[in-house]
Structure formats: structure tokens, C-alpha cells
Amino acid sequence: MLSAEKIGDYLDRLSSREPTPGGGAAAALHAAQGAALIAMVARYSTGEKYAGHADEIARITESADELVARSLECADADETAFGSMGDAYGLPRGTDEERAARKEAISDAAAGAARPPMRVIAIARQIVDLATELIPIGNRNLITDLAAAADAARAAAGTSRVNIEVNRPSVKDSDVALGLSQSADDVDAVQADADRVTERVREVIRR
């Protein structure tokens with residue numbers, strides 16, 4: 001479980017000549033860091049000064065904590081899914097029946113491999129939305145951390161998109177393939193909104 005792994009150990013594995021963890025897990029961890037930054041800013045935005053927004057802050061904190069946990073689940077799921085892809089490609093293909101079974105297994109594995117990045121894109125969307133909410137009501141001393149959160153979400157979404165795109169051609173179920181395409185298409189909007197968060201933060205610190 002990546003959630004129980006030391007950062008140094010994870011980076012050693014990431015840099016090794018092993019197929020996992022890879023870009024998908026890294027994308028999920030980008031999202032986890034972005035959500036954690038949101039939670040930190042929210043926790044620093046409590047007390048009398050922020051009493052007028054206490055309910056919003058509490059909701060944002062709870063949501064951000066949940067997104068951290070979901071992001072880490074996606075990181076673990078990505079590793080598992082990649083292993084399934086390797087298993088599918090390793091199936092025998094000596095007969096027509098074996099080739100057909102292998103093709104179907106690859107399609108199923110590709111769909112499975114695309115699901116964690118689909119979830120990461122949805123998480124990135126929520127991180128950007130929470131950052132947008134916090135800018136006007138959160139602790140100004142930590143406003144740059146909201147830009148960091150948005151940029152982490154931007155990276156998570158972009159990496160997840162290419163991981164969907166590389167698996168989509170192997171998915172034979174048209175409904176599943178359409179869902180993958182729609183998820184990938186959402187990334188431009190997520191990244192544009194993340195850029196707006198960063199620009200709004202820069203405007204505040206330039207005043």
C-alpha cells in the first residue's frame with residue numbers, strides 16, 4: 001500500500017527498472033498532495049476571524065480529507081491494474097481460440113487500467129473547485145498553497161489523460177470507450193480552471 005510506504009522507498013521503486021509504480025501512481029499522488037494542501041489551508045482558516053464561514057470551511061476540510069484517501073486508493077489500484085495488463089499480454093496465442101481469449105482479456109485489462117486515472121481526473125476536478133472556494137474565505141497567509149494544490153491537480157489530470165488515451169484503443173466495449181473519451185475530454189476544463197486559481201492567487205499576492 002502506497003499510503004503506508006515511506007517517501008524514500010516509494011521514490012526508489014519509482015526510479016527502478018520495474019513497471020510499477022509508474023506515471024499513473026505518480027498522478028494519483030499529485031492529487032493526494034493537492035487535496036492535502038487544501039485540507040491544511042482549511043484547518044488554518046478556523047477561529048473567530050473565520051466564524052462567518054465555519055460551515056463552509058468544515059465541509060471543505062472533510063471533503064479534502066476524503067479526496068486524499070481516494071487518491072491513495074487510486075495509486076494502489078493503478079499498480080494492480082498494470083499487473084493485470086501484463087498478465088493479459090502474457091496469455092498464449094497459438095490458436096484462434098487462444099488469440100480471441102487473449103484479445104478479450106487485454107480489452108478488459110485496458111478498461112481496468114483506465115479506471116484509476118478516470119477517478120483521478122474526477123478528484124482533480126474537485127480539488128480545483130475546493131481551491132476556488134477557499135481563495136476568498138481562507139487564510140491569506142497560506143493562499144499560495146492553494147495555487148500549489150491547483151497545480152498539483154492540473155498535473156494529476158494531465159497525466160491521467162494520457163494514461164487513459166494509451167489504453168483506450170485496446171478497449172473493445174464501445175460504451176466503456178466512450179466513457180473514457182468523455183473523461184479525457186474533461187481535462188482541458190480542469191486545467192483551465194486550475195490556471196485561473198493560480199492567476200487569482202498571484203493577483204492577491206501582487207496587491
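Distance CG/L130 to CD/E56: 11.5 Å, rounded to 0.5 Å. The structure places OG1 of T159 at 10.0 Å from CD1 of I121, a figure rounded to the nearest 0.5 Å. Of the inter-residue distances, the one linking L14 atom CG with I7 atom CD1 reads 12.5 Å to the nearest 0.5 angstrom. Rounded to the nearest 0.5 Å, atoms OG (S170) and CG (D108) are 11.5 Å apart. We find the CZ-CD distance between R206 and E199 to be 5.0 Å, quoted to the nearest 0.5 Å. Of the inter-residue distances, the one linking D129 atom CG with I60 atom CD1 reads 10.5 Å to the nearest 0.5 angstrom.
The backbone N or O of A42 lies less than 3.5 Å from no partner atom in the side chain of T46, so there is not a single donor-acceptor pair. Judged by distance alone, with hydrogens and angles left aside, the side-chain atoms of S15 form a donor-acceptor pair with the main-chain N or O of D12 at under 3.5 Å. A donor-acceptor pair is defined here as one N or O able to donate and one able to accept, closer than 3.5 Å; such a pair exists between the side chain of D76 and the backbone of L2. Looking only at distances, a side-chain donor or acceptor of S71 sits under 3.5 Å from a matching main-chain atom of L67. Between the side chain of S45 and the backbone N or O of N139, at least one donor-acceptor pair lies under 3.5 Å.
In Y50, the OH atom is crowded: over 12 heavy atoms of neighbouring residues, nucleotides or ligands sit closer than 6.0 Å. Counting non-hydrogen atoms of other residues, nucleotides and ligands closer than 6.0 Å to CZ of R93 gives a total of 12 or fewer. Enclosure of atom CZ in R17 is not indicated, since only 12 or fewer non-hydrogen atoms of other residues, nucleotides or ligands lie within 6.0 angstrom. The local environment of CD in E203 is crowded, with over 12 non-hydrogen atoms from other residues, nucleotides or ligands closer than 6.0 Å. The neighbour count for E104 CD, taken as heavy atoms of other residues, nucleotides or ligands under 6.0 Å away, does not exceed 12. Around the CD1 atom of I205, the shell of radius 6.0 Å holds more than 12 heavy atoms that belong to other residues, nucleotides or ligands.
Hydrophobic cluster membership differs between V176 and V166, with clusters built from Ile, Leu, Val, Met, Phe, Trp and Tyr side chains linked at under 4.5 angstrom. Under a hydrophobic clustering in which Ile, Leu, Val, Met, Phe, Trp and Tyr are joined whenever their side-chain heavy atoms come within less than 4.5 Å, directly or via other members, I137 and L146 fall into the same cluster. Linking Ile, Leu, Val, Met, Phe, Trp and Tyr whenever their side-chain heavy atoms come within less than 4.5 Å leaves V171 and M85 in two separate clusters. A chain of hydrophobic side-chain contacts below 4.5 Å, direct or via other Ile, Leu, Val, Met, Phe, Trp or Tyr residues, connects M40 to V128. Transitive grouping of hydrophobic side chains (ILVMFWY, heavy atoms separated by less than 4.5 Å) keeps V190 and V120 in distinct clusters.
The two atoms that bring A39 and D65 nearest to each other are CB-OD1, 3.5 Å, heavy atoms only. The minimum heavy-atom distance linking I164 with A114 is given by the pair CG1-O, 3.9 Å. When every heavy atom of P21 is checked against every heavy atom of Y10, the shortest pair comes out as CG-CE1, 3.8 Å. In terms of heavy atoms, C74 sits closest to R119 at SG-CB, 3.6 Å. Here the shortest heavy-atom pairing between A88 and R102 reads O-CG, 3.6 Å. Annotation for H30 and A152: closest pair O-CB, 3.4 Å, computed over non-hydrogen atoms.
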Pair I38-T61, side-chain contact (heavy atoms from CB on, under 4.5 Å): steps then yes or no: CA-CA 7 Å; I38 295 292; T61 304; over 6 Å; no

E73 and R70: CA distance, side-chain angles, deciding distance, salt bridge (charged side-chain N to carboxylate O under 4.0 Å, His left out) verdict: CA-CA 5 Å; E73 289 171 0; R70 285 169 51 193; over 6 Å; no

side-chain contact (heavy atoms from CB on, under 4.5 Å) between M118 and L180, worked out: CA-CA 7 Å; M118 283 179 68; L180 297 179; 3.0 Å; yes

Stepwise side-chain contact (heavy atoms from CB on, under 4.5 Å) test for R200 and V204: CA-CA 6 Å; R200 286 180 64 187; V204 170; 5.7 Å; no

Test log, rule salt bridge (charged side-chain N to carboxylate O under 4.0 Å, His left out), inputs R99 and D96: CA-CA 5 Å; R99 283 190 289 273; D96 288 343; 2.4 Å; yes

T132/R196 under side-chain contact (heavy atoms from CB on, under 4.5 Å): CA gap, chis, key distance, verdict: CA-CA 9 Å; T132 301; R196 278 189 277 274; over 6 Å; no

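In this structure the side chain of I143 reaches within 4.5 angstrom of the side chain of I135, judged on heavy atoms. Under the 4.5 Å side-chain criterion, counting only non-hydrogen atoms from C-beta, D145 is not in contact with Y44. In this structure, the side chains of P136 and H53 stay at 4.5 Å or more apart for every pair of heavy atoms.
Using a cut-off of 4.0 Å between Lys/Arg side-chain N and Asp/Glu carboxylate O, R161 and D186 are scored as not salt-bridged. Of the charged side-chain nitrogens involved, none lies within less than 4.0 Å of a carboxylate oxygen, so that R154 and D151 do not count as a salt-bridged pair. The residues R13 and E5 are annotated as salt-bridged, a charged nitrogen and a carboxylate oxygen being separated by less than 4.0 angstrom. A salt bridge between E62 and R59 is absent, with no side-chain N of the basic residue lying under 4.0 Å from a carboxylate O of the acidic one.
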